[in-house]
Amino acid sequence: MIIAVEGADALSLLEGAEFTLNNGTHETVTHPADGILDGRHERFEAEIPEARVSGATSVEILLYDAAGNSSAVRLGLK
């Protein structure tokens, strides 16, 4: 399963994203999809094997910037 998030920050560079499934699986992604961590707008993707997704019904995505700010959202999985 690939889970992706795009985000933007008006002042700071984005540094990464964390993906936490409600079955305990956790992935931290610090390299954006384009391979270059250089902007205030980035896309981060986590590729999680189906075996690690088993039983999960939702994912919490946390996006954070260089200034230590973060934003989170919880979404249902289909």
Side-chain angles (χ1 to χ4, degrees):
M1 170 179 278
I2 296 175
I3 305 171
V5 61
E6 285 190 41
D9 190 300
L11 301 174
S12 300
L13 296 178
L14 294 177
E15 282 200 337
E18 296 180 9
F19 301 84
T20 305
L21 303 176
N22 67 336
N23 69 355
T25 297
H26 179 85
E27 291 286 330
T28 298
V29 178
T30 56
H31 297 293
D34 69 1
I36 303 170
L37 190 60
D38 63 350
R40 292 189 308 257
H41 182 269
E42 297 285 3
R43 175 182 173 93
F44 295 93
E45 297 178 355
E47 187 170 352
I48 303 171
E50 290 296 326
R52 295 186 62 212
V53 176
S54 180
T57 58
S58 67
V59 59
E60 181 177 40
I61 303 170
L62 176 79
L63 188 64
Y64 54 92
D65 68 13
N69 301 307
S70 64
S71 182
V73 64
R74 181 174 294 274
L75 302 171
L77 297 175
K78 293 182 180 181

**Message:** Assess the residue pair T30 and L37 against the criterion (side-chain contact (heavy atoms from CB on, under 4.5 Å)); give the C-alpha distance rounded to whole Å, side-chain angles, the decisive distance to 0.1 Å, and a yes or no.
**Reply:** CA-CA 8 Å; T30 56; L37 190 60; 5.7 Å; no
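- Remark: S12 pairs with no residue by the side-chain hydrogen bond (donor to acceptor under 3.5 Å, both in side chains) rule, at least two apart or across chains.
- Cluster membership for L62 and I48, using ILVMFWY side-chain heavy atoms within less than 4.5 angstrom, is not shared.
- Put simply, CD on E45 and CD on E6 are 9.0 Å apart, with the number rounded to the nearest 0.5 Å.
- Y64 and A17 get closest at one heavy-atom pair: CE2-N, 3.7 Å.
- For H41, the NE2 atom is densely surrounded, since the number of other residues' heavy atoms within 6.0 Å is greater than 12.
- Between atom CZ of residue R74 and atom CG of residue L21 there is a gap of 9.5 Å, rounded to the nearest 0.5 Å.
- Pairing each heavy atom of G55 with each of N23, the nearest pair is C-CB, 4.4 Å.
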**Request:** Would you check, one step at a time, whether the test side-chain contact (heavy atoms from CB on, under 4.5 Å) holds for R40 with L13?
**Result:** CA-CA 4 Å; R40 292 189 308 257; L13 296 178; 4.1 Å; yes
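- The minimum heavy-atom distance linking G16 with L63 is given by the pair O-CD1, 3.4 Å.
- Using a 4.5 Å heavy-atom threshold, the side chains of I61 and F44 count as separate.
- Taking each heavy atom of L77 and M1 in turn, the nearest pair found is CD2-SD, 4.1 Å.
- Annotation for P32 and I36: closest pair CG-O, 3.2 Å, computed over non-hydrogen atoms.
- Of the listed residues (D65, D9, L14), just one forms a side-chain contact (heavy atoms from CB on, under 4.5 Å) with E42, and that residue is L14.
- Of all heavy-atom pairs spanning E18 and H26, the tightest one is OE1-CE1, 3.5 Å.
- Under the 3.5 Å distance criterion, the side-chain polar atoms of N22 are matched with a main-chain donor or acceptor of T57.
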